[in-house]
Structure formats: structure tokens, C-alpha cells
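So that the names make sense, note that chain A is the first sequence line, chain B the second, and so on, each numbered from 1. Atoms considered below: every heavy atom in the structure, side chains included; atoms not considered: hydrogens, waters and symmetry mates. No experiment lies behind these values; they were computed from the predicted model shown.
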2 protein chains.
Amino acid sequence: MNKELDRKLKSRNIKPTAMRQLVLQVLIDQKTAISLPELEQKFEKADKATLYRTLKTFEENKLIHSIEDGTGAVKYALCHEKCNCYPEDLHVHFLCAKCNQTYCLNEIQIPDINLPYGFLLKSVNMVVKGICFNCKK
Amino acid sequence: MNKELDRKLKSRNIKPTAMRQLVLQVLIDQKTAISLPELEQKFEKADKATLYRTLKTFEENKLIHSIEDGTGAVKYALCHEKCNCYPEDLHVHFLCAKCNQTYCLNEIQIPDINLPYGFLLKSVNMVVKGICFNCKK
DNA sequence: ATAACTTTTGCAACTCAGTTGCACAAATTT
DNA sequence: AAATTTGTGCAACTGAGTTGCAAAAGTTAT
């Protein structure tokens with residue numbers, strides 16, 4: 001179907017099925033992170049379980065990353081091409097308290113944290129909550 | 001019953017009922033943050049809804065704060081006496097990937113974040129995931 | 001002290017996100 | 001083409017969180 005979609009999927013070792021192309025397209029069009037229930041609504045008729053497993057596959061293969069923003073549903077957003085989801089790849093997320101949209105602040109890296117002795121850092125989830133540029137107007 | 005429990009509750013304008021004293025005692029004894037389901041298990045027979053509303057009351061009155069650590073259940077931990085849950089009161093939390101315990105790193109303040117133009121910061125949830133001192137041994 | 005009212009508690013029922021088993025379909029390998 | 005692996009769709013379920021409602025406990029007014 002779409003060359004670019006296929007390339008993106010294959011670059012992460014994900015077999016490009018029709019379903020996966022559709023989901024990836026939604027994720028690309030999406031400016032903010034999207035949850036499984038929201039994703040479901042983007043399709044006329046789609047199976048929750050299939051979408052769920054598609055997201056899981058995408059996440060395992062680091063095509064997308066998940067964000068726990070405290071709204072009850074985990075949200076997902078595209079990783080950039082070179083992302084390995086290592087601590088140095090991580091960025092801050094922003095949840096708007098008004099419109100409930102979650103933004104990837106790709107340009108804002110997660111600050112270093114000096115953990116107490118004996119603690120080992122693997123990853124960080126940092127969500128800033130406030131009002132987004134759109135709702136502030 | 002217990003003077004200290006009553007004082008703590010009253011200092012936050014929470015009427016000290018028997019139930020609330022019991023819940024507060026659990027929270028005080030607790031070294032790590034606790035979720036509603038975990039709290040339920042601490043009691044022989046206790047109503048989920050009552051515990052739920054107790055936690056809500058505690059949180060609204062800033063006796064405790066909530067932590068979204070991405071484990072599926074929101075966890076709660078005592079605030080320090082002077083806490084107002086303002087950005088400057090916030091600290092980093094640590095989730096151990098092994099034992100699933102969530103620690104308040106009270107000594108580690110959340111680093112300042114410079115949001116893009118147009119974004120307004122209200123609060124921050126920062127969870128570091130890794131291995132805790134106990135599990136690393 | 002009693003009645004009227006407010007607050008808290010306990011029970012049941014429900015919502016909603018996430019997850020799993022299983023059978024069928026599609027793709028891949030032999 | 002047959003055998004095997006992988007993906008999809010459906011249904012059913014789990015588990016956290018939440019709400020309505022009535023009884024119980026506590027408070028205030030008479």
C-alpha cells in the first residue's frame with residue numbers, strides 16, 4: 001500500500017499487515033499521544049483486542065512509546081527514527097488539564113536524577129500537567 | 001483513641017473517625033506508597049468504597065498525595081506536615097521493577113522544567129523506574 | 001433529651017481499560 | 001499443496017475505580 005508506512009514498520013522488524021498500516025497512519029497523523037480507547041474510536045469497526053496487540057507489538061519494537069499521564073488510560077506516541085527508548089532518548093510529556101491532550105515535548109530531555117545509594121535507574125516517566133498553548137489563548 | 005492520629009487529621013481539617021484513624025495508622029506504618037487494593041488487603045473486612053472515599057478525603061485535604069507509577073493502580077503516600085502539594089513541594093518517586101514498591105524520594109526535588117512558549121505548568125509527576133536498594137543486594 | 005439535619009459508612013451494582021483463550025484467516029515455510 | 005507460523009476477530013473475563021442508596025453515627029437546634 002504505502003511505501004513509507006512499510007518502510008517504518010520494517011525498520012522496526014514489524015511485518016506490515018493492513019491493520020498495522022492503518023494504525024501506524026493514525027499515529028502519524030496524530031499530533032498528540034493517543035490511548036487504546038481513543039484509537040478504537042478512530043475506526044468504524046475495529047477489534048479492541050487486535051488494536052491492543054498491535055500497540056503492544058509497536059511498543060515492544062520501539063516504534064512507539066507509552067506514557068502514563070494519570071488520566072486512567074495509557075497513551076502512545078511515535079518514537080523518532082533513531083529512538084531506542086534508553087534513558088538518554090527520553091523526553092518530557094505534557095498533559096493539558098483542560099483538553100486532556102498529551103504532548104511529547106521532544107525537545108525537552110528528562111533531567112538527570114541522582115538516586116540515593118543502592119538505587120539503579122532504568123527509565124523515567126515524567127509528566128508535566130498544566131494548560132497547553134491552545135487552551136491558554 | 002490515638003492523640004497523634006487525631007492531631008494529624010485535625011491539622012488537615014479531617015474529622016477523626018475510627019475508620020480514618022485506622023487508615024492513617026496503616027499509612028504511617030507504611031514505608032512505601034500503597035494502592036487502594038493493597039490497602040484493602042490490610043484489613044480483615046473493609047469496604048472498598050469507604051477506603052476509596054477515605055483516601056479521596058485525605059488527598060483533597062493534602063494529608064496524602066497520589067502517585068501514578070504506571071503499575072495500573074494509583075498509589076498514595078503521606079505528605080510531610082508542611083506540604084501544600086505545590087510544585088515546590090513535589091519530590092521524585094521511585095518504582096522498583098522487581099518488588100513493585102514505590103518509594104517517595106523526599107530528598108529529591110523535581111527539577112525545574114522550561115516549558116515551550118504558551119504552556120503553563122501546574123504540577124509534575126516524575127517516576128523513576130529501576131531496581132531498589134533492597135532488590136539490588 | 002429529642003427531633004431534625006449532616007456526615008460517614010457499608011453494600012451492591014456498574015463503568016471502563018486492559019487482557020486472555022480460542023477458533024478462524026492469512027501468510028510463510030517445507 | 002500441505003504443514004506450520006503469525007495475525008485477527010469475537011467473547012468473556014479481571015481488576016481498579018466509581019456511584020446510588022439506605023442505614024448508622026455524629027452534630028445542631030429546639
Side-chain-base donor-acceptor pair under 3.5 Å for B:R53 and D:dG17: no

Nearest heavy atom decides the nucleotide; on that basis, is A:V74 or B:M19 closer to the 5' end of DNA chain C? B:M19

Any side-chain heavy-atom pair of B:E68 and B:V127 under 4.5 Å: no

What is the separation between atom NZ on A:K15 and atom P on C:dA27, rounded to the nearest whole Å? 11 Å

If I take atom CG in residue B:L51 and atom P in nucleotide C:dG10, what distance separates them, rounded to the nearest angstrom? 8 Å

Minimum heavy-atom separation for A:E81 to A:R7, with atom names? OE2-NH2, 3.3 Å

Rounded to the Å, how far apart are B:N13 CG and C:dT8 P? 12 Å

Would you kindly check whether a donor in the side chain of A:K48 faces an acceptor in the base of D:dG9, or vice versa, at under 3.5 angstrom? no

Please say which of A:L27, A:I14, A:I28 ends up in a side chain to side chain contact (heavy atoms under 4.5 Å, CB included) with A:K8. A:I28

Ignoring hydrogens, what is the shortest heavy-atom contact between B:G130 and B:F94? Give both atom names and the distance. C-CZ, 3.5 Å

Looking for any heavy atom pair under 4.0 Å, which part of the strands does A:A73 touch: base, sugar-phosphate only, or nothing? sugar-phosphate

For D:dT6, does OP1 or OP2 lie under 4.0 Å from any side-chain N or O of A:T17? no

Proximal nucleotide (of C:dG10, C:dG18, D:dT19) relative to the B:A49 side chain: D:dT19

To the nearest Å, how far apart are B:L39 CG and D:dG15 P? 18 Å

Hey, does B:K45 reach any base, or is it just sugar-phosphate, or nothing, if we go heavy atoms under 4.0 Å? nothing

Which whole-number value in Å describes the distance from A:I14 CD1 to D:dG7 P? 10 Å

What nucleic acid atoms does B:T50 come within less than 4.0 Å of, heavy atoms only: base, sugar-phosphate, or nothing? base

Base, sugar-phosphate, or nothing: which does A:K56 touch, judged by heavy atoms less than 4.0 Å apart? sugar-phosphate

Could you check how far CD of A:E44 sits from P of D:dG9, rounded to whole Å? 15 Å

Can you say whether the rings of A:H93 and A:H65 are parallel (under 30°), tilted (30 to 60°) or perpendicular (over 60°)? tilted

C:dT19 phosphate, OP1 or OP2: any side-chain N/O from A:Y52 under 4.0 angstrom? yes

Once you round it to whole Å, what is the distance between C1' of C:dC14 and CG of B:D47? 15 Å

